[in-house]
Amino acid sequence: MKLKNLESLLGDLEQFSNPKIELEQYPTGPHIASRMLYTAENSFGDVSGKVVADFGCGCGTLGIAAALLGAEHVLGIDVDAESLEIASSNAEELEVEMNFVQCDIQNLKLRGLTVDTIVMNPPFGTRRKGADMDFLSSALKVASVAVYSLHKTSTRDHIKRAAIRDFNASTAEVLCELRYDVPQLYKFHKKREVDIAVDLWRFAPKRVQ
């Protein structure tokens, strides 16, 4: 599938109607989502034929992109039941298969399922300090091949140091810097849209000997 086709399909997905600020719910736009998954597949072969999990899947954009790019099995995980309903509806609309689990990422237990690749747009940690690191730590415990994640560019040094030193990553690489468009979703937002610089990371977990 071509990048522009993937972006177009993702652009039609339903997004949050009543986002929850305590969960830092922001939609992952089709521009960023399509490039994230297209890069994972075409530069590293980490999607097609793989078991992919979308951590904090929200409305399912990243997981659906993985399914469209030929993932063997896609799992969407989120703590919020409303988000999972939207994600399930989006998957049905595009006729892609996804399974969904409602749970806190830190309490996730996958029995008998080996996840190759994790894709995620975690909370930036502005509402609950350290939320972004909780996601990264959990992802690197579960993924057997790679973790693709978006983090604020301003946290780059901290993310790399923590991934390698504390979270058992063998490599932590910024693939590109992207502009994340944050729309005016919440009452405290004064501007119609804000651009935030984010890094697209690829982390590889250390192999268990």
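Atom set for the values below is all heavy atoms of this structure, side chains included, hydrogens, waters and symmetry mates excluded. This chain uses plain numbering: 1 for the first residue, then up along the sequence.
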Under a 4.0 Å N-O cut-off, is there an ion pair linking [X] with [Y]?
X      : Y     : result
Arg35  : Glu7  : yes
Arg202 : Asp46 : yes
Glu41  : Lys50 : no

Could you give me the CA-CA distance, side-chain angles and deciding distance for Asn168 and Phe203, then say whether side-chain contact (heavy atoms from CB on, under 4.5 Å) is met?
CA-CA 10 Å; Asn168 212 33; Phe203 304 94; over 6 Å; no
Is there side-chain contact between [X] and [Y], with at least one heavy-atom pair below 4.5 Å?
X      : Y      : value
Met98  : Leu75  : no
Met133 : Ile159 : yes
Lys160 : Val174 : no
Phe167 : Lys141 : no

Would you name the heavy atoms of [X] and [Y] that are closest together and state the gap between them?
X      : Y      : result
Ala87  : Phe100 : CB-CE2, 3.6 Å
Pro122 : Asp132 : CB-CA, 4.5 Å
Thr114 : Ser144 : CG2-OG, 3.9 Å
Ser83  : Asp80  : OG-OD2, 2.7 Å
Leu9   : Leu68  : CD1-CD1, 4.0 Å
His151 : Trp201 : CD2-CD1, 3.7 Å

Treating Ile, Leu, Val, Met, Phe, Trp and Tyr as nodes and any side-chain heavy-atom pair under 4.5 angstrom as an edge, say whether Val119 and Phe44 lie in one connected cluster.
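Linked within one cluster.
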Please check if the number of heavy atoms outside Glu97 that lie under 6.0 Å from its CD is greater than 12.
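No, CD of Glu97 has 12 or fewer neighbouring heavy atoms, counting only those of other groups under 6.0 Å.
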Do other residues, nucleotides or ligands put more than 12 heavy atoms under 6.0 Å from Gln102 CD?
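Enclosed: over 12 neighbouring heavy atoms sit under 6.0 Å from CD of Gln102.
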By the definition side-chain contact (heavy atoms from CB on, under 4.5 Å), identify the one residue from Ile118, Asn121, Leu150 that meets it with Leu62.
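Answer after filtering Ile118, Asn121, Leu150: Asn121.
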Given Val74, Leu37, Leu10, Leu69, the one that forms side-chain contact (heavy atoms from CB on, under 4.5 Å) with Ile64:
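The residue from Val74, Leu37, Leu10, Leu69 that satisfies side-chain contact (heavy atoms from CB on, under 4.5 Å) with Ile64 turns out to be Leu10.
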